[in-house]
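To start, the structure itself, in structure tokens.
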Amino acid sequence: MPKIKKVIKEVIKTVRTQSELGVQTGPWKAAGHKIGLVPTMGALHAGHMALVHQAKKVCDKVCVTLFVNPTQFGPGEDFNSYPRDEEKDRAMLQDAGADILYAPSVGEMYPDGTTASLSAGELGSVLEGAFRPGHFDGVATVVERLFSHTNPHAAFFGEKDYQQLQVIKQMTLRQKTPVEIIGVPTVRGTDGLALSSRNEYLSESERGIAPVLYQTISGVADGFAGGQPSAELIAAAVEKLGLAGFDPVDYVAVVDAKNLKPLELFSPDTPARVLAAAKLGRARLIDNIAVTAP
Ligand code: AMP
């Protein structure tokens with residue numbers, strides 16, 4: 001008779017302080033396990049789960065952090081109204097097989113007050129950084145603290161936040177942080193809209209319009225790969241987004257995929273990326289796509 005294997009899922013443990021976290025991760029480290037870190041601000045969706053799945057593939061233990069980081073929000077931004085649902089997040093993480101949830105308080109992360117103590121450097125001042133001054137200093141600060149609390153071997157970030165991924169890669173190189181930074185492709189809805197916690201802000205009619213952002217940057221990427229100058233493509237894209245109802249369109253940019261400097265014309269030797277940010281109703285959407293050679 002075939003044996004029936006009973007799978008009992010362990011309940012994911014939630015810890016809230018650096019010392020409680022150390023109690024959990026210490027024995028893993030002593031046992032030589034590879035620890036993967038997935039930093040999030042919660043309101044989890046399938047995009048976040050892709051990071052957890054990737055982490056599970058290449059690490060022995062996966063620590064997910066849930067922290068809505070005040071230092072990466074500017075004045076007048078949505079820090080207070082950012083969606084929070086820890087119970088739902090925990091259930092999703094348990095299903096995905098994460099090993100531990102670290103959900104620290106603001107005081108635990110910022111015992112000396114909520115100011116960013118690290119600079120994101122040059123990469124942090126363009127594109128998103130130009131529209132959200134100080135945003136990437138806040139990101140760099142919290143990521144560095146999460147690294148020091150967790151001591152992971154690898155950390156997983158979505159390409160959805162492409163500039164953030166580059167800022168963190170550069171920061172770890174600059175500081176010689178011994179953490180491997182792994183980028184995970186953007187998870188999209190069937191209509192192309194990148195999944196985002198902020199999509200909850202969209203009304204039903206805005207949700208119908210939102211995929212135009214992805215369609216537009218895809219068109220820019222194709223045109224650029226086909227030899228059209230970026231300036232023409234960007235002007236047409238801004239107009240298209242405005243006509244669809246995006247207001248304002250903060251930027252559409254075609255940049256060098258590594259240093260984020262603007263590119264005029266396609267070259268097969270220079271990997272390029274199209275990035276855009278625009279507001280639709282209450283939601284400020286960002287998206288990006290690689291330029292692939294024809
Ligand atoms: P957040 O909770 O928005 O700070 O995101 C936490 C991590 O999930 C970041 O590394 C994001 O880039 C990543 N992420 C968010 N949305 C997606 C998505 N649609 N696909 C892949 N990764 C994502």
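Order of appearance sets the numbers: ligands from 1, and atoms from 1 within every ligand. Below, each value reflects all heavy atoms present in this structure, side chains not excepted, and no hydrogens, waters or symmetry copies. Bear in mind that the values here come from a model prediction, so they are computed numbers and not experimental data. We count residues from 1, following the sequence as given.
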Q. Among pairs that include at least one residue of residues 27-51, which meet salt bridge (Lys or Arg N to Asp or Glu O under 4.0 Å), considering only residues two or more places apart or in two chains?
A. Lys34-Glu180
Q.
Considering both backbone and side-chain atoms of Met41, is one of its nitrogen or oxygen atoms within less than 3.5 Å of a nitrogen or oxygen in ligand 1?
A. yes
Validation: residues 216-227 side-chain donor-acceptor distances under 3.5 Å, sequence neighbours left out:
residue : atom : partner : partner atom : Å
Thr216  : OG1  : Val212  : O            : 2.5
Ser218  : OG   : Tyr214  : O            : 2.7

Q. Quick one: nearest non-hydrogen protein atom to atom 20 (N) of ligand 1, plus distance?
A. Val187 N, 2.9 Å
Q: Heavy atoms only: give me the nearest Cys63-Tyr102 pair and the separation to one decimal.
A: SG-CB, 4.2 Å
(Q) Tell me the protein heavy atom at minimum distance from atom 12 (O) of ligand 1, and give that distance in Å. (A) Asp161 OD2, 2.6 Å
Q) With no hydrogens and no angle check, is any side-chain donor or acceptor of Thr71 less than 3.5 Å from a backbone partner on Thr114? A) no
**Q.** Glu159-ligand 1 polar pair, N/O distance under 3.5 Å
**A.** no
Q. Based purely on interatomic distance, does Leu195 place a nitrogen or oxygen under 3.5 Å from a nitrogen or oxygen of ligand 1?
A. yes
**Q.** Thr141 (side chain) donor-acceptor with Ser117 (main chain) under 3.5 angstrom
**A.** yes
(Q) With clusters defined by side-chain heavy atoms of hydrophobic residues (ILVMFWY) lying less than 4.5 Å apart, directly or transitively, does Leu275 cluster with Val139? (A) yes
Q. In the protein, which heavy atom is nearest to atom 23 (C) of ligand 1, and how far is it?
A. Lys160 CB, 3.9 Å
Q.
Treating Thr177 as the side-chain partner and Val179 as the backbone partner, does any N or O pair qualify as donor plus acceptor under 3.5 Å?
A. no
Q | ligand 1 contact by Pro185, heavy-atom criterion under 4.0 angstrom | A | yes
Q. Is Ala43 in contact with ligand 1, taking contact as a heavy-atom separation below 4.0 Å?
A. no
**Q.** Ligand-side contact atoms (ligand 1) for residue partner Leu51, heavy atom cut-off under 4.0 Å
**A.** 7 (C), 8 (O), 10 (O), 13 (C)
**Q.** From the candidates Phe157, Tyr162, Tyr82, the one that places a heavy atom nearest atom 3 (O) of ligand 1
**A.** Tyr82
Q) Taking atom 5 (O) of ligand 1 as the point of reference, which of Gln164, Arg188, Arg198, His48 owns the nearest heavy atom? A) His48
(Q) Keeping Gln18 on the side-chain end and Glu108 on the backbone end, is there a donor-acceptor pair under 3.5 Å? (A) no
Q) Using 4.0 Å as the upper bound for N to carboxylate O, is an ion pair formed by Asp287 and Arg188? A) yes
Q: Report, in ascending order of atom number, the atoms of ligand 1 lying under 4.0 Å from any heavy atom of Thr40.
A: 2 (O), 6 (C)
(Q) Under a 4.0 Å threshold between the charged nitrogen and the carboxylate oxygen, would Arg207 count as salt-bridged to Asp191? (A) yes
Q | Heteroatom proximity flag, Ala194 to ligand 1, N/O under 3.5 Å | A | no
Q) So which of Gly158, Gly47, Ala50 gets nearest to atom 10 (O) of ligand 1, if we judge by its closest heavy atom? A) Gly158
**Q.** Numbering as shown, the atoms of ligand 1 that approach Pro39 to under 4.0 Å (heavy-atom distance)
**A.** 6 (C), 7 (C)
